[in-house]
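Have a look at the structure below, then the notes.
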Amino acid sequence: MSTRIPFLKGHGTENDFVIVPDPENTLDLPPAAVAALCDRRAGIGGDGLLHVVRSAEHPEAAHLAGEAEWFMDYRNGDGSVAEMCGNGVRVFARYLQRAGHVTEGDLAVATRGGVKTVHIAKDGDVTVGMGKALLPEGDVTVSVGDRSWPARNVNMGNPHAVAFVDDLAHAGDLYSPPPFSPAAAYPSGVNVEFVVDRGPRHVAMRVHERGAGETRSCGTGACAVAVAAARRDGADPATTGSPATYTVDVPGGTLVITERADGEIEMTGPAVIVAEGEIDADWLENAVG
């Protein structure tokens, strides 16, 4: 391991990441190392880590090298491996652009959740193809204190319960998971979105993410909210034959979600690189213990 390891810090609607460029996949990043880097007091700080590797050099992505040159080896802030992160893919693409690996336009990014299509616009926003939503049958209810609301069950590869409320303050502090019923609807827990209307096809949300509490932004959550709102508003693209686009305000900014008539969902939003520097390898080794 070299004495110093390059890194960058970036965010997408304040969902923030440590970025570690490692094209040839030479770095050993065990969970403890990732957790140390993402620690907001003793490390760099981030919701997760984007390990930037050429697909051909990573055993989990080599079979995708013909479709996507770059692999987003994404890790959660606790060091665990994750399949995908919508906000993370946008920041990943922004890094590739900054480093001169790609330019404006279309590119493909390999993830553990498959190859994702990305478009870097001239205005700086980045669009990511998020796949299709599944809408499991059955009524769901979520609660905060003595209030309860019906919720729409939406699965974006991870589970969401979307509740439309009169005031976002009704979501409470979101430190602990909002109770839901029936328990069988989400045997492994759920991300819960509370949503208010801001105008025609314009909503705002707060979210409790499984295992994390309230976060500043959730890309899959914003997609789930747009899908639920379209169904509520009679704008299901599969029925109307026309795309449905919703502006979704999250605490960390704004995302634009479009569901096409074929069910494919696209998420557009900002991606910002805020700093770059070097990690002291000796510190990291000691932090891992």
Side-chain angles (χ1 to χ4, degrees), residues 1-62 64-65 68-102 107-116 118 120 126 128 212 215-217 219 252 269-289:
M1 184 178 287
S2 61
T3 303
R4 295 187 181 276
I5 304 164
F7 82 94
L8 298 90
K9 179 72 184 286
H11 77 93
T13 51
E14 298 184 10
N15 200 182
D16 62 333
F17 309 96
V18 179
I19 305 161
V20 179
D22 182 23
E24 307 309 314
N25 196 29
T26 60
L27 294 176
D28 181 23
L29 291 172
V34 174
L37 290 168
C38 291
D39 189 299
R40 296 193 180 280
R41 294 184 181 274
I44 296 167
D47 292 325
L49 183 143
L50 307 177
H51 183 208
V52 184
V53 185
R54 281 196 168 86
S55 298
E57 301 300 328
H58 199 289
E60 292 183 70
L64 300 174
E69 180 181 1
W70 295 97
F71 172 54
M72 184 180 78
D73 175 17
Y74 181 69
R75 317 291 183 89
N76 293 315
D78 63 1
S80 60
V81 171
E83 287 191 350
M84 233 294 276
C85 174
N87 289 321
V89 172
R90 296 203 317 278
V91 175
F92 187 92
R94 175 67 74 233
Y95 163 74
L96 293 178
Q97 182 188 33
R98 179 188 178 104
H101 297 306
V102 302
L107 70 143
V109 174
T111 75
R112 291 184 178 85
V115 175
K116 302 300 178 182
V118 180
I120 303 174
V126 180
V128 179
T215 57
R216 300 289 293 170
S217 182
V272 182
I273 304 296
V274 299
E276 59 181 310
E278 295 178 322
I279 302 161
D280 187 297
D282 292 335
W283 168 84
L284 186 59
E285 185 175 349
N286 291 332
V288 171

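Sequential numbering from 1 along the given sequence is applied to the chain's residues. Worth saying up front: this structure is predicted, and the values here are computed from it rather than measured. What you see below is based on every heavy atom in this structure, not just the backbone, and it leaves out hydrogens, waters and symmetry mates.
- Using a 4.5 Å heavy-atom cutoff, the side chains of Thr13 and Asn87 are in contact.
- Counting heavy atoms from C-beta on, the side chains of Arg98 and Leu8 come closer than 4.5 Å.
- No more than 12 heavy atoms of other residues, nucleotides or ligands sit less than 6.0 Å from atom CD of Glu83.
- Checked for salt-bridge contact, Arg54 and Glu69 meet the test: a charged N lies under 4.0 Å from a carboxylate O.
- Judged by distance alone, with hydrogens and angles left aside, the side-chain atoms of Asn76 form no donor-acceptor pair with the main-chain N or O of Gly79 at under 3.5 Å.
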Legend entry - Step-by-step side chain to side chain contact (heavy atoms under 4.5 Å, CB included) determination, Ile120 to Leu107: CA-CA 8 Å; Ile120 303 174; Leu107 70 143; 3.8 Å; yes
Inset, instruction - With side chain to side chain contact (heavy atoms under 4.5 Å, CB included) as the test, would you mind laying out the steps for Tyr95 and His101 before giving the verdict? - result: CA-CA 9 Å; Tyr95 163 74; His101 297 306; 4.3 Å; yes
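- For the pair Arg90 (side chain) and Pro270 (backbone), a donor-acceptor distance under 3.5 Å is present.
- Of the possible polar contacts, none joining the Asn25 side chain to the His58 backbone as a donor-acceptor pair under 3.5 Å is found.
- The shortest distance between side-chain heavy atoms of Val52 and Asp22 does not fall below 4.5 Å.
- In this structure, CG on Leu64 lies 15.0 Å from CH2 on Trp70, to the nearest 0.5 angstrom.
- Going from atom CD1 of Ile19 over to atom CD1 of Ile273 covers 3.5 Å, rounded to the nearest 0.5 Å.
- Between the side chains of His51 and Asp73, at least one donor N or O sits under 3.5 Å from an acceptor N or O.
- Between Asp47 atom CG and Ser217 atom OG the span is 9.0 Å, to the nearest 0.5 Å.
- Residues Ile279 and Leu37 are in side-chain contact: their nearest non-hydrogen atoms beyond the backbone lie under 4.5 Å apart.
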Legend entry - Full working for side chain to side chain contact (heavy atoms under 4.5 Å, CB included) between Tyr74 and Leu49: CA-CA 6 Å; Tyr74 181 69; Leu49 183 143; over 6 Å; no
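- Proximity of a side-chain donor or acceptor of Arg75 to a complementary backbone N or O of Val34 within less than 3.5 Å is not detected.
- Here CE of Met84 is found 6.0 Å from OG1 of Thr111. Values are rounded to the nearest 0.5 Å.
- The pair Arg40-Asp16 counts as a salt bridge, with a side-chain nitrogen and a carboxylate oxygen less than 4.0 angstrom apart.
- Here the closest heavy-atom approach between residue Ala287 and residue Ala36 is recorded as CB-CB, 3.7 Å.
- Residues Val18 and Leu50 are not in side-chain contact: their nearest non-hydrogen atoms beyond the backbone lie 4.5 Å or more apart.
- Asn286 places a side-chain N or O within 3.5 Å of a backbone atom of Asp282 that can act as its donor or acceptor partner.
- Ion pairing between a basic and an acidic side chain is recognised when a charged N comes within 4.0 Å of a carboxylate O; Glu14 and Arg216 show such pairing.
- Contact detail for Cys85 and Asn15: the closest heavy-atom pair is SG-OD1, 4.2 Å.
- A side-chain donor-acceptor contact under 3.5 Å links Ser80 and Asp78.
- A heavy-atom distance below 4.5 Å is not found between the side chains of Arg112 and Met72.
- For Ser55 (side chain) and Ala68 (main-chain N/O), a donor-acceptor pair under 3.5 Å exists by modelled atom type.
- Shortest non-hydrogen contact noted between Pro6 and Pro21 is O-CD, 3.6 Å.
- The two residues Gly12 and Val91 come nearest to each other via the heavy atoms N-CG2, 3.6 Å.
- The minimum heavy-atom distance between Val118 and Ala93, with the atom names listed, is CG1-CB, 3.7 Å.
- Distance CD1/Ile44 to CG/Asp39: 10.5 Å, rounded to 0.5 Å.
- Atoms CZ and CZ, from Phe92 and Phe17 in turn, are 12.0 Å apart once rounded to the nearest 0.5 Å.
- For Lys9 (side chain) and Gly46 (main-chain N/O), no donor-acceptor pair under 3.5 Å exists by modelled atom type.
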